Amino acid sequence: KVLYNKKTNKFVMWAHFENGKNYLDAAVAIATCDTPDGDFTYHGHFNPYGYMSRDCTLYQEEDGTSYFISASRDNADLHVYRLSHYYMISSFCTGWAPNQGKYAWADSIEGRWSSLKEIGDETTYDSQSAFLLNVNGKLLYVGDRWGGDGDKYFESGYVVYPLKETEDGLEMIYQDTAEFE
């Protein structure tokens, strides 16, 4: 089964996987391609949350939200999985000094991660990335704003900026004040 992923500009194939020797793997295989009828790149196979996966299908809503549906427990159960992207944020080792933040994304936490892309400005708005936070479906960047080493360490704090998912990846939205919904 194949869906188009607007975020990655790739066609993503989800398929029932068996090892070719016996019918015991009951896994899902993932492959991607730039076209729906081209040579797909195989990314591996797995058992979703440890469950077997045999007969399967995909469903995609108009907003792009996608679901993988597969039979489990020797076809006695049907599981529905909401598909999503995972993001990771990182910064360089610059001591207390702010630096250019970067991020990567993957289709699964164990999946193949994209190469790092820059986010924010050259100092990530005077911060070092700490973590990403999802609040009611809104993705937020949380960064450390260090007071410096020595006697100003106690002046350290956090900054929070909203992130917007675009066709090219993530965009950090700079704001002077917190105006989150």
Side-chain angles (χ1 to χ4, degrees), residues 1-14 28 30-36 38-44 46 48-49 58-68 80-148 152 155-181:
K1 316 304 186 264
V2 176
L3 290 177
Y4 180 69
N5 185 322
K6 290 181 187 177
K7 293 178 186 175
T8 63
N9 293 321
K10 298 274 186 188
F11 290 87
V12 183
M13 177 186 292
W14 290 70
V28 59
I30 305 291
T32 59
C33 187
D34 292 331
T35 63
D39 293 328
F40 278 75
T41 301
Y42 175 69
H43 297 287
F46 63 98
Y49 296 102
L58 291 169
Y59 173 74
Q60 188 172 47
E61 297 185 39
E62 287 184 28
D63 68 359
T65 303
S66 302
Y67 300 88
F68 175 69
V80 179
Y81 305 95
R82 183 173 189 262
L83 304 179
S84 63
H85 284 75
Y86 294 82
Y87 291 101
M88 171 188 67
I89 193 107
S90 68
S91 65
F92 292 101
C93 295
T94 55
W96 304 101
N99 59 61
Q100 174 69 67
K102 295 192 177 192
Y103 74 96
W105 61 266
D107 289 328
S108 73
I109 200 74
E110 299 91 11
R112 182 174 292 177
W113 288 85
S114 71
S115 39
L116 290 167
K117 290 178 126 183
E118 293 180 350
I119 193 163
D121 68 0
E122 65 276 354
T123 64
T124 321
Y125 305 122
D126 295 320
S127 71
Q128 287 183 11
S129 59
F131 58 92
L132 298 175
L133 181 63
N134 187 326
V135 177
N136 298 325
K138 294 183 188 277
L139 194 57
L140 303 174
Y141 165 89
V142 180
D144 293 307
R145 187 165 283 160
W146 298 110
K152 292 193 175 189
E155 294 177 11
S156 299
Y158 290 109
V159 295
V160 178
Y161 296 111
L163 297 172
K164 178 181 176 184
E165 293 181 86
T166 68
E167 288 185 15
D168 296 327
L170 286 179
E171 178 185 340
M172 184 179 289
I173 302 165
Y174 176 80
Q175 335 190 131
D176 287 328
T177 59
E179 297 174 11
F180 305 114
E181 294 177 13

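Sequence positions, counted from 1, serve as the residue numbers for this chain. Only a predicted model underlies this, so the values are computations on that prediction, with no experimental measurement involved.
Phe131 and Tyr158 have perpendicular rings, their planes meeting at more than 60° on a 0 to 90° scale where under 30° would count as parallel. The aromatic rings of Tyr161 and Tyr141 lie parallel to each other, their planes meeting at an angle below 30°, with 60° marking the opposite boundary.
For Lys164, the side chain to side chain contact (heavy atoms under 4.5 Å, CB included) partners at least two apart in sequence or on another chain are Thr166, Glu171, Ile173. Every residue meeting the salt bridge (charged side-chain N to carboxylate O under 4.0 Å, His left out) condition with Asp34, not counting sequence neighbours, appears here in chain and number order: Lys10. In terms of the side chain to side chain contact (heavy atoms under 4.5 Å, CB included) criterion, residue partners of Ala97 (sequence neighbours excluded) are, by chain and number, Thr94.
Side-chain atoms of Asp144 do not come within 3.5 Å of backbone N or O of Trp146 as any donor-acceptor pair. Checked by atom type and distance alone, the side chain of Tyr87 never pairs as donor or acceptor with a backbone atom of Leu132 at under 3.5 Å. Judged by distance alone, with hydrogens and angles left aside, the side-chain atoms of Gln100 form a donor-acceptor pair with the main-chain N or O of Ile119 at under 3.5 Å. In this structure, the side chain of Arg145 does not engage the main chain of Pro98 through any donor-acceptor pair within 3.5 Å. Judged purely by atom type and a 3.5 angstrom limit, Ser129 uses its side chain to pair as donor or acceptor with the backbone of Ser90. Checking side-chain atoms of Gln60 against main-chain N and O of Tyr4 turns up a donor-acceptor pair under 3.5 Å. Judged by distance alone, with hydrogens and angles left aside, the side-chain atoms of Ser66 form a donor-acceptor pair with the main-chain N or O of Gly64 at under 3.5 Å. The closest donor-acceptor contact from the side chain of Thr124 to the backbone of Gly101 lies under 3.5 Å.
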Give the C-alpha distance, both sets of side-chain angles, the deciding distance and a yes or no for side-chain contact (heavy atoms from CB on, under 4.5 Å) between Tyr42 and Met13.
-> CA-CA 9 Å; Tyr42 175 69; Met13 177 186 292; over 6 Å; no
